[in-house]
Amino acid sequence: AQSVTQLDSHVSVSEGTPVLLRCNYSSSYSPSLFWYVQHPNKGLQLLLKYTSAATLVKGINGFEAEFKKSETSFHLTKPSAHMSDAAEYFCVVRSNTGTASKLTFGTGTRLQVTL
Amino acid sequence: DAGITQSPRHKVTETGTPVTLRCHQTENHRYMYWYRQDPGHGLRLIHYSYGVKDTDKGEVSDGYSVSRSKTEDFLLTLESATSSQTSVYFCAISELAGRYEQYFGPGTRLTVT
């Protein structure tokens, strides 16, 4: 079974400082991995995805993530946090069943950005 | 944004009453999914559909049923709502199973009293 573990339930950074949200995965084969963001009282928006192409994946709003097979990690980073980045972030792994693809979500990391 | 709407957006109901949530898409995507979101659990898959009248169970399907009579609509029914089904429910769609990401609707907040 595939799974993801988000290592921090809450991260607080100052505006303008780097963001690091950590995610480790468990998969019996090469996984497809995603980061989704959820702003308060909103739906989920896809930030970026890894599907076995380049290991450094660039997403929207300046976010990127690096797939490291040796460390089974897929950490999300951003060089400089903005107030609008405050949200909950989900690391997600996809597995393919016989009839559909199934997403398994991490428990989420709440990012707080302070002045 | 993907054309996904959910109705109602908010609902309060009493224990034991039936409830139906609707997901409507305008993207003509084949796959549709229902998730529930609870604190500390992320999102968990309830049921999904891989075509009209084709559905299957997810990891938390007990107490829920679904139907899909048209490509654009996917209904989630709680036959007899319980307080443990108080949650935020999200619908998602994807064009194909293996290569395409899922796009999510705005969610329905359901409270069972």
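A, B, ... follow the sequence lines: proteins, then strands. Residue 1 opens every chain.
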Q | Side chain proximity check, B:Tyr33 to A:Leu103, heavy atoms < 4.5 angstrom | A | no
(Q) According to a hydrophobic-cluster definition based on side-chain heavy atoms being under 4.5 Å apart (Ile, Leu, Val, Met, Phe, Trp, Tyr only), do A:Leu21 and A:Val93 belong together? (A) yes
Q: Indicate, with yes or no, if A:Tyr89 and B:Tyr103 share a hydrophobic cluster defined by side-chain heavy-atom contacts under 4.5 Å among Ile, Leu, Val, Met, Phe, Trp and Tyr.
A: no
Q) If contact means a heavy atom pair closer than 4.5 Å, which residues of residues 35-42 of chain A contact chain B? A) A:Tyr36, A:Gln38, A:Asn41, A:Lys42
Q | Inter-chain contacts: residues 106-115 of chain A against chain B, heavy atoms under 4.5 Å | A | A:Gly106, A:Thr107
Q.
Counting only non-hydrogen atoms closer than 4.5 Å, does B:Leu45 touch chain A with its backbone (N, CA, C, O), its side chain (CB onward), both, or neither?
A. side chain
Q. Who passes side-chain contact (heavy atoms from CB on, under 4.5 Å) against B:Thr82, sequence neighbours left out?
A. B:Ser84, B:Gln85
Q) Shortest non-hydrogen contact from B:Phe104 to A:Leu44? A) CB-O, 3.8 Å
Q) Just how far is it from atom CG of A:Leu48 to atom CD of B:Glu101, taken to the nearest 0.5 Å? A) 11.0 Å
**Q.** B:Val112 reachable from B:Leu76 in the ILVMFWY side-chain graph, under 4.5 Å edges
**A.** yes
Q | A:Leu46 portion near chain B, given a 4.5 angstrom heavy-atom threshold | A | side chain
Q.
Nearest 0.5 Å, please: how far is NZ in A:Lys102 from CD in B:Glu59?
A. 5.0 Å
Q | side chain to side chain donor-acceptor pair (under 3.5 Å) involving B:Asp38 - partner list, sequence neighbours excluded | A | B:Arg36, B:Arg44, B:Ser87
Q. If Ile, Leu, Val, Met, Phe, Trp and Tyr residues are connected whenever their side-chain heavy atoms lie under 4.5 Å apart, and connections chain through other members, are A:Leu56 and A:Phe34 in the same group?
A. no
Q | Path from A:Val4 to A:Phe105 over hydrophobic side-chain contacts below 4.5 Å | A | no
Q.
What part of B:Gln6 gets within 4.5 angstrom of chain A, counting heavy atoms only: side chain, backbone, both, or neither?
A. neither
